[in-house]
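Report on the structure given below.
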Amino acid sequence: VLLREVQALTLHRGQYTTSRRTAAVPQLQCTGGTAGCSRVPEVVQCYNKGWDGYDVQWQCKADLENTYRFGQIEMSCEGYDYLDDPYILRGSCSLLFRLDLTEEGERRVKNSGSFGSSYYQSRKDSSDSGAGAIVIIVLLGLAFGVYKLFLSNQQPQQRFGDSDGFTRPSWQSQQAPPPPGFKSSFT
C-alpha cells in the first residue's frame, strides 16, 4: 500500500503490527509525557492530514478524559521492500506517543496532589528527594571538614615512650605547652 494514499489507521492497545522484514511491535507505544502512561487508550484512530514532501502528517484521536491529550506523536510503518520504501506493509504501522495533561488536568493535579498519574509523580518525587539527599550529604561532609580543619584540637598526643623508656597511657603523657598568646580560659 502506498503510504500517502492511506487515509486512516486504527490501532489497538495490546495488539502487534504485522511484519515481514523486522520484528512485530505493539501498535500503541506510550513513551511518557506529563500524564505518564497509566491511561493508554484502547483504540486510537489516526487520519492522514496531508503530505509535507517527506512524510504523511497524522492527526490522532482517541476516547480520552478531558484531562488528557496526545503530546508528540510519531507514526512508524515498515517499508515493504526496504527501509524508506514509500510502499508499506499493510498492518505494519505503530504509533509512538506521549500522553500529556491538559490545563484542566494540571489544575486537578495541583488541587488533589495525586490525580491519575501517581506512578509518574512518585518517580519524580523520589528523584527529587534523591538529589536533595546528595546535597545534604555533601554539605555535611564540608561541615565536618571545616570542623576538623579549624576547630578540632590539632596538638599531637604523645603515645610512644618518653625519654625514660616507659610507655604511659595517653592521658598521663605530658602535653606541649600552648602556643604563645593562647589563653587557657578559651578552651
For this session: Measure the NZ-CG distance between Lys61 and Asp63 for me, rounded to the nearest 0.5 Å.
Result: 11.5 Å
For this session: Mind listing the closest non-hydrogen atom pair of Ala35 and Leu101 along with its distance?
Result: CB-CD2, 3.8 Å
For this session: Sequence neighbours left out, what pairs pass ring pair (Phe, Tyr, Trp, His ring centres under 6.0 Å) with at least one residue falling in residues 20-60?
Result: none
Problem set entry | Partner set under salt bridge (Lys or Arg N to Asp or Glu O under 4.0 Å) for Arg21, not counting sequence neighbours | none
Seminar exercise, completed: Gln72 meets the side-chain contact (heavy atoms from CB on, under 4.5 Å) criterion, sequence neighbours left out, with Arg98
Problem set entry | Gap separating the CG atom of Leu96 from the SG atom of Cys30, nearest 0.5 angstrom | 9.5 Å
Problem set entry | Connected hydrophobic set around Leu2, excluding itself, where side chains approach under 4.5 Å | Tyr80, Tyr87, Leu89
Seminar exercise, completed: Residues at least two apart in sequence or cross-chain that pass side chain to side chain donor-acceptor pair (under 3.5 Å) with Thr102, listed by chain then number, are none
Exercise. Excluding sequence neighbours, so at least two apart, what forms side chain to side chain donor-acceptor pair (under 3.5 Å) with Gln27?
Worked result: none
Exercise. Between Val56 and Met75, is any pair of side-chain heavy atoms under 4.5 Å apart?
Worked result: no
Seminar exercise, completed: Note: Leu11 and Cys46 closest approach over all heavy atoms is CD1-SG, 4.5 Å
Exercise. When hydrophobic residues are tied together by side-chain contacts of less than 4.5 Å, even through go-betweens, does Ile137 share a cluster with Ile134?
Worked result: no
Problem set entry | Within-4.5 Å side-chain heavy-atom neighbours: Thr31 and Phe97 | no
For this session: If a pair satisfies disulfide (SG to SG under 2.5 Å) and one of its residues is in residues 67-106, list it, with sequence neighbours excluded.
Result: Cys77-Cys93
For this session: Mind checking salt bridge (Lys or Arg N to Asp or Glu O under 4.0 Å) for Glu104 and listing every partner two or more places apart, or none if nothing turns up?
Result: Arg108
For this session: Under the side-chain contact (heavy atoms from CB on, under 4.5 Å) rule, collect the residues that match up with Ser76, sequence neighbours excluded.
Result: Ser94
Seminar exercise, completed: Taken to the nearest 0.5 Å, the spacing of Glu74 CD from Gln29 CD works out to 10.0 Å
Problem set entry | Asp52: partners by salt bridge (Lys or Arg N to Asp or Glu O under 4.0 Å), with sequence neighbours left out | none
Exercise. Looking at OG1 of Thr67 and CZ of Arg39, how far apart are the two atoms once the value is rounded to the nearest 0.5 Å?
Worked result: 7.5 Å
Problem set entry | Pairs touching residues 6-34 that satisfy ring pair (Phe, Tyr, Trp, His ring centres under 6.0 Å), sequence neighbours left out | none
For this session: Under 4.5 Å between side-chain heavy atoms, chaining through other members, with only Ile, Leu, Val, Met, Phe, Trp and Tyr counted: pull out the rest of the cluster around Leu140, sorted by chain and number.
Result: Ile136
For this session: Determine, using the 4.5 Å side-chain heavy-atom cutoff (strictly less than), whether Leu3 and Ile73 are members of one ILVMFWY cluster.
Result: yes
Exercise. Is there a side-chain contact between Val44 and Leu9, using heavy atoms and a 4.5 Å cut-off?
Worked result: no
Seminar exercise, completed: Smallest heavy-atom separation, Arg90 atom then Val1 atom, equals CB-CG2, 4.3 Å
For this session: Looking only at non-hydrogen atoms, find the nearest pair between Cys60 and Phe70 and report the distance.
Result: O-CD1, 3.7 Å
Exercise. Within the distance-only criterion (no hydrogens, no angle test), does the side chain of Asp100 pair as donor or acceptor with the backbone N or O of Thr34 below 3.5 angstrom?
Worked result: yes
Seminar exercise, completed: Rounded to the nearest 0.5 angstrom, the OG1-CD distance for Thr17 and Glu78 is 7.0 Å
Exercise. Is it true that a side-chain atom of Ser92 and a backbone atom of Thr18 form a donor plus acceptor pair closer than 3.5 Å?
Worked result: no
Exercise. In Å, rounded to the nearest 0.5 Å, how long is the span from CZ of Arg20 to CD1 of Ile88?
Worked result: 13.0 Å
Exercise. Just wondering, do Pro41 and Leu64 contact through their side chains at under 4.5 Å, heavy atoms?
Worked result: yes
